[in-house]
Asks: 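Please see the structure below; I have some questions.
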Amino acid sequence: MQTPGTLHIVATPIGNLGDLTPRALETLRTVAAICAEDTRHTRQLLSHFGLERPLLALHQHNEEQQAAQLVARLQAGDSLALVSDAGTPLVSDPGYRLVRAARAAGIKVSPVPGACAAIAALSVAGVASDRFAFEGFLPAKASARRERLVRLAAEPRTLLFYESAHRIEETLDDMAAAFGGARGAVLARELTKLFETVLDGALDALAAQVKADPNQRKGEFVLIVEGAGEDADAKVIEGKRLYAKLSEHLPPSTAAKLAAELSGAPRKALYGGGE
């Protein structure tokens with residue numbers, strides 16, 4: 001009976017090529033093929049290290065179809081590697097369908113740890129890291145993005161986001177509006193690369209800094225936002241969120257009363273019309 005191969009989930013550098021681990025290098029050298037989000041990008045990485053391996057495109061548009069074929073190869077004895085364009089696969093990247101299919105078929109799935117932009121940013125942010133929530137990329141559509149942020153405003157855990165250069169200004173403005181401009185945050189840009197910067201301060205100050213400096217609007221970003229206070233502050237934030245929604249359908253006084261009852265926040269903090 002043929003011994004199945006292993007599916008290796010291999011983290012690659014997020015910028016500095018020196019961050020590819022020796023184990024990752026050896027794994028990429030010895031597998032039968034490498035599943036890559038963008039084969040052109042991965043080919044450049046392999047070329048830098050003098051490697052030549054067959055590359056198979058695996059991205060969000062073909063993963064469902066490719067998974068069965070790849071599992072068949074694994075069952076036939078081939079070991080494969082899965083990489084994303086940068087960092088740890090499946091962290092805001094494709095791959096979970098293949099991993100799920102491989103595990104369901106009894107294939108060994110083995111992590112080869114390494115760089116991850118979110119964790120790298122958190123490690124230098126200087127904010128509470130004992131509890132955090134990774135939110136990945138926010139919706140591209142402004143209304144959906146703002147709605148998501150409002151829902152997160154009362155979250156007590158540290159929040160981690162990815163963002164692109166062409167939306168970083170809008171996102172910072174939306175965060176300041178949803179969380180309050182005084183909420184502490186960290187903006188990590190181009191981590192491990194030549195123009196790496198880590199800025200910290202209140203959201204409104206960070207937004208102004210990015211608007212004033214075109215260089216701070218270039219590259220790839222990790223945004224880290226401090227969580228809401230556990231008690232009174234979080235209740236008020238949640239109450240305001242509920243009030244904003246309820247007031248779309250109810251008179252302001254009724255909306256404030258219900259929002260206060262549901263959130264535990266003082267009614268007067270939600271509605272200026274009195275008791």
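FYI, side chains are in, hydrogens and waters are out, and symmetry mates aren't considered; it's all heavy atoms of this structure. Because the structure is a prediction, the values reported are computed rather than measured.
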Asks: Can you tell me how far the CD atom of E226 sits from the CZ atom of R157, to the nearest 0.5 Å?
Replies: 15.5 Å
Asks: Could you check whether any side-chain heavy atom of L70 comes within less than 4.5 Å of a side-chain heavy atom of C35, counting everything from C-beta outward?
Replies: yes
Asks: For D213 and V210, indicate whether the former's side chain and the latter's backbone hold a donor-acceptor pair under 3.5 Å.
Replies: no
Asks: Do L223 and I168 touch side chain to side chain, with heavy atoms closer than 4.5 Å?
Replies: yes
Asks: Taking only residues two or more places apart in sequence, or in another chain, which ones meet E147 in a salt bridge (Lys or Arg N to Asp or Glu O under 4.0 Å)?
Replies: R151
Asks: May I have the list of side-chain donor-acceptor pairs in residues 3-21 shorter than 3.5 Å, sequence neighbours left out?
Replies:
| from | atom 1 | to | atom 2 | distance (Å) |
| --- | --- | --- | --- | --- |
| N16 | OD1 | G18 | N | 2.8 |
| T21 | OG1 | A24 | N | 3.0 |

Asks: Does R183 have any salt bridge (Lys or Arg N to Asp or Glu O under 4.0 Å) partners at least two apart in sequence or in another chain, and if so, which?
Replies: none
Asks: Side-chain heavy atoms under 4.5 Å apart, restricted to Ile/Leu/Val/Met/Phe/Trp/Tyr: what other residues fall into the cluster of F195, or is it alone?
Replies: L194
Asks: CG of L246 to OG1 of T254: how many Å apart, nearest 0.5 Å?
Replies: 10.0 Å
Asks: How long is the span from the OG atom in S247 to the NE2 atom in H249, to the nearest 0.5 Å?
Replies: 8.5 Å
Asks: To the nearest 0.5 Å, how far apart are CG in L191 and CZ in F221?
Replies: 10.5 Å
Asks: Please name all residues satisfying salt bridge (Lys or Arg N to Asp or Glu O under 4.0 Å) with D38, sequence neighbours left out, ordered by chain then number.
Replies: R40
Asks: Assess the residue pair Q75 and V71 against the criterion (side chain to side chain contact (heavy atoms under 4.5 Å, CB included)); give the C-alpha distance rounded to whole Å, side-chain angles, the decisive distance to 0.1 Å, and a yes or no.
Replies: CA-CA 6 Å; Q75 289 174 321; V71 167; 3.9 Å; yes
Asks: Report the distance from atom CG of L187 to atom CZ of F161, rounding to the nearest 0.5 Å.
Replies: 12.5 Å
Asks: Say whether, by atom type as modelled, one donor and one acceptor occur between the side chain of R189 and the main chain of L199 under 3.5 angstrom.
Replies: no
Asks: Please set out all donor-acceptor pairs under 3.5 angstrom arising from side-chain atoms of residues 106-123, sequence neighbours excluded.
Replies:
| from | atom 1 | to | atom 2 | distance (Å) |
| --- | --- | --- | --- | --- |
| S123 | OG | A120 | O | 2.6 |

Asks: How about CD on Q2, more than 12 heavy atoms from neighbouring residues, nucleotides or ligands closer than 6.0 Å, or not?
Replies: yes
Asks: With sequence neighbours left out, what residues match T42 under side-chain contact (heavy atoms from CB on, under 4.5 Å)?
Replies: I34, A36, L46, L55, V83
Asks: Would a distance-only check, ignoring hydrogens and angles, find a side-chain to backbone donor-acceptor pair under 3.5 Å from E220 to S164?
Replies: no
Asks: Please check if the side chain of H41 supplies one atom and the backbone of D85 the other of a donor-acceptor pair under 3.5 Å.
Replies: yes
Asks: Kindly say whether R23 contributes a backbone atom to a donor-acceptor pair with the side chain of T27 at under 3.5 angstrom?
Replies: yes
Asks: D173: which residues meet the side chain to side chain donor-acceptor pair (under 3.5 Å) condition with it, sequence neighbours left out?
Replies: K211
Asks: If a pair satisfies salt bridge (Lys or Arg N to Asp or Glu O under 4.0 Å) and one of its residues is in residues 53-69, list it, with sequence neighbours excluded.
Replies: E63-R97, E64-R97
Asks: So do L159 and I224 actually touch side chain to side chain, heavy atoms under 4.5 Å?
Replies: no
Asks: Report yes if the side chains of R145 and R167 come closer than 4.5 Å at any heavy-atom pair, otherwise no.
Replies: yes
Asks: Once you round to the nearest 0.5 Å, how far does CZ of R146 lie from CE of M175?
Replies: 13.0 Å
Asks: Which residues pass the salt bridge (Lys or Arg N to Asp or Glu O under 4.0 Å) test with D78, sequence neighbours left out?
Replies: R73
Asks: Quick test of your reading: applying ring pair (Phe, Tyr, Trp, His ring centres under 6.0 Å), list the pairs with at least one residue in residues 124-146, sequence neighbours left out, ordered by first then second residue.
Replies: F134-Y162, F137-Y162
Asks: Within the 4.5 Å heavy-atom criterion, are R131 and T158 side-chain neighbours or not?
Replies: no
Asks: Check whether E26 reaches the backbone of P22 with its side chain - one donor and one acceptor, N or O, closer than 3.5 Å.
Replies: no
Asks: Once salt bridge (Lys or Arg N to Asp or Glu O under 4.0 Å) is applied, what residue pairs with a partner in residues 241-251 remain, sequence neighbours excluded?
Replies: E238-R241
Asks: Within the 4.5 Å heavy-atom criterion, are L90 and L82 side-chain neighbours or not?
Replies: yes
